[in-house]
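Here the structure is laid out as structure tokens; the discussion comes afterwards.
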Protein chains: 2
Amino acid sequence: MSVAIENFVKAIYKNGKRDNNDTKPGNIAKELGISNAAATDMAKKLAIKDLIDYEKYQELKLTDKGTKMALNVVRKHRLWEALLFKLFDLSLHDIHREAELLEHQTSDLLANKISDYLGNPKFDPHGDPIPNARGEITTTDTSISLANTEEGKSYIISRLMSDDKEFFDFCAQHGLKYGNSILVSKQFSKNKMTQILIHNNTILLNEDFTSIIYVNEQD
Amino acid sequence: MSVAIENFVKAIYKNGKRDNNDTKPGNIAKELGISNAAATDMAKKLAIKDLIDYEKYQELKLTDKGTKMALNVVRKHRLWEALLFKLFDLSLHDIHREAELLEHQTSDLLANKISDYLGNPKFDPHGDPIPNARGEITTTDTSISLANTEEGKSYIISRLMSDDKEFFDFCAQHGLKYGNSILVSKQFSKNKMTQILIHNNTILLNEDFTSIIYVNEQD
DNA sequence: AAATATTTTTAAGTAAGCTTAAAAATTTTT
DNA sequence: AAAAATTTTTAAGCTTACTTAAAAATATTT
């Protein structure tokens with residue numbers, strides 16, 4: 001399947017998870033940096049291939065076949081990230097950029113070899129779960145916007161779900177990285193902000209960030 | 001640059017080395033599995049980009065810029081082959097197939113990281129020399145069609161320059177592989193055939209094969 | 001609920017990278 | 001060196017993945 005199609009399906013998958021399921025053509029177009037018209041166009045083509053269900057003016061919905069394709073690409077992306085992270089001294093941002101290209105030129109055979117080589121890891125260097133060869137994925141974490149603030153309850157950062165360099169730089173600067181411990185001290189639900197404590201620093205995060213920082217409860 | 005252009009330039013480079021410099025559009029077309037018309041078309045486009053010198057009905061000749069691009073792609077191909085060979089249990093044929101795709105989606109930065117990781121190797125698993133980051137390449141071997149048959153002179157196989165599965169299978173079956181020792185016992189120049197001795201078996205090879213099996217003199 | 005703004009869709013057009021068919025040039029055979 | 005065969009080129013056309021501009025529908029604001 002073409003790179004354009006794989007990326008389109010992947011974008012629907014990602015937007016379906018992340019935002020409030022806003023997978024109308026315009027959102028996908030923005031994600032991919034193409035025009036709305038191009039997104040509508042592509043949506044029709046994918047519908048013919050039975051990768052999405054398409055109804056005019058509605059959200060784009062992946063079919064089982066489409067979901068399978070998206071997970072296959074996501075699997076390859078995250079396996080590449082894990083491999084490049086292990087072998088080379090590269091920034092997470094660089095690794096992401098390389099994986100973004102390699103993911104589309106990787107046979108299932110090679111993906112499985114990479115997975116084996118790494119010991120069939122369940123998570124990539126961002127903490128994102130790696131779907132297995134059958135497209136199954138296991139996650140238990142939640143965004144910190146939904147974390148509760150019970151006294152003394154601490155969390156472990158499990159993922160930073162973004163490809164934005166500015167966001168990564170911000171995270172790096174404040175010690176927000178995969179595996180680190182934080183305390184969610186307060187939710188300002190009205191203003192959609194969250195206050196956290198990390199390394200004895202209190203940080204107030206707005207929705208853009210709280211929705212893409214994921215954590216697991218600390219045991 | 002696009003995949004199609006990189007492959008076109010690479011094909012000219014390869015044909016310029018291998019065959020009797022037969023780099024007319026038809027040969028490149030055959031190499032790439034496209035029509036002659038498409039090859040002529042592409043040749044004109046590459047000329048505009050100053051990647052080749054193009055004159056109607058003549059051989060296609062890479063400019064310095066074109067050669068540089070070809071060597072850059074070849075470098076990435078061979079580095080991928082070396083890496084995949086080291087990490088995974090895959091056949092040389094599979095490795096070649098994967099590298100053929102990955103080579104076009106690899107930044108110079110990543111290529112250099114792979115090279116460093118492998119200790120900046122000079123040869124890939126086929127024995128083909130890996131151009132360095134500046135596009136320099138070092139070779140001393142010759143095809144067995146040109147090897148001389150001096151009494152008792154033996155050679156070490158340095159490369160099997162092909163992507164053809166049948167050829168690889170043939171080589172595997174007869175012990176023709178990188179590093180093995182052979183004796184070139186007779187040149188039938190009139191018939192363009194070469195007789196070799198390997199593992200006490202005498203094999204008579206025709207030009208198709210003698211022109212792509214490369215050897216170094218044994219010290 | 002009307003007016004306004006935004007988004008989606010349609011329509012027409014472009015560039016890349018191919019195709020086939022036929023004309024033009026070159027190469028090979030006799 | 002003429003005839004035959006092959007190769008290269010030109011021409012016209014196709015598909016994919018985009019674009020911009022304008023029409024149609026939906027969503028938001030007042």
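In this text the structure is predicted, and so the values were computed from the model without any measurement. Chain naming here is simple, since letters A, B, ... match the order of the sequence lines and numbering starts at 1 in each.
- Using a 4.0 Å cut-off, some side-chain N or O of Lys24(B) falls inside it from OP1 or OP2 of dT27(C).
- Among the heavy atoms of the strands lying under 4.0 Å from Tyr54(B) are primed sugar atoms or P, OP1, OP2 only; no base atom is included.
- By the 4.0 Å N-to-carboxylate-O rule, Lys113(A) lies too far from Asp116(A) to be salt-bridged with it.
- Under the 4.0 Å criterion applied to side-chain N and carboxylate O atoms, Lys68(A) and Asp64(A) are not assigned as salt-bridge partners.
- If you measure from atom CD of Glu59(A) to atom P of dT7(C), you get 13 Å, rounded to the nearest angstrom.
- The line from CG of Leu62(B) to CG of Asp53(B) is 9.0 Å long, rounded to the nearest 0.5 Å.
- The CG atom of Asp22(A) sits 16 Å away from the P atom of dT26(D) (whole-angstrom rounding).
- Just one of Thr142(B), Thr140(B), Asp141(B) meets the side-chain hydrogen bond (donor to acceptor under 3.5 Å, both in side chains) condition when paired with Asn216(B); it is Thr140(B).
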Protein heavy-atom contacts under 4.0 Å, written 5' to 3' over nucleotides 16-24 of chain C as B (base), S (sugar-phosphate only) or - (none), form the string -BBBBB---
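- If you take CD1 on Ile52(A) and CD1 on Ile48(A), they are separated by 10.0 Å, rounding to the nearest 0.5 Å.
- Remark: C1' of dA17(D) and CD of Glu6(A) are 15 Å apart, rounded to the nearest angstrom.
- Of the charged side-chain nitrogens involved, none lies within less than 4.0 Å of a carboxylate oxygen, so that Lys65(A) and Asp50(A) do not count as a salt-bridged pair.
- Among the atoms of the strands shown, only primed sugar atoms or phosphate atoms (P, OP1, OP2) are found under 4.0 Å from some heavy atom of Lys44(A).
- Comment: Arg159(A) does not engage Asp124(A) in a salt bridge, judged by the lack of any side-chain N to carboxylate O separation of less than 4.0 angstrom.
- Rounding to whole angstrom units, NZ of residue Lys30(B) and P of dT6(D) are separated by 12 Å.
- Ion pairing between Lys10(B) and Glu103(B) holds under the 4.0 Å rule for side-chain N and carboxylate O.
- Between Phe209(A) and Phe170(A), the distance from one ring center to the other falls under 6.0 angstrom.
- Per the geometry, CD belonging to Glu55(A) stands 15 Å off C1' belonging to dT9(C), to the nearest Å.
- At its two ends the helix from dA1(C)-dT30(D) to dT30(C)-dA1(D) runs along axes set 20° apart, each axis drawn from five pairs and the angle rounded to 10°.
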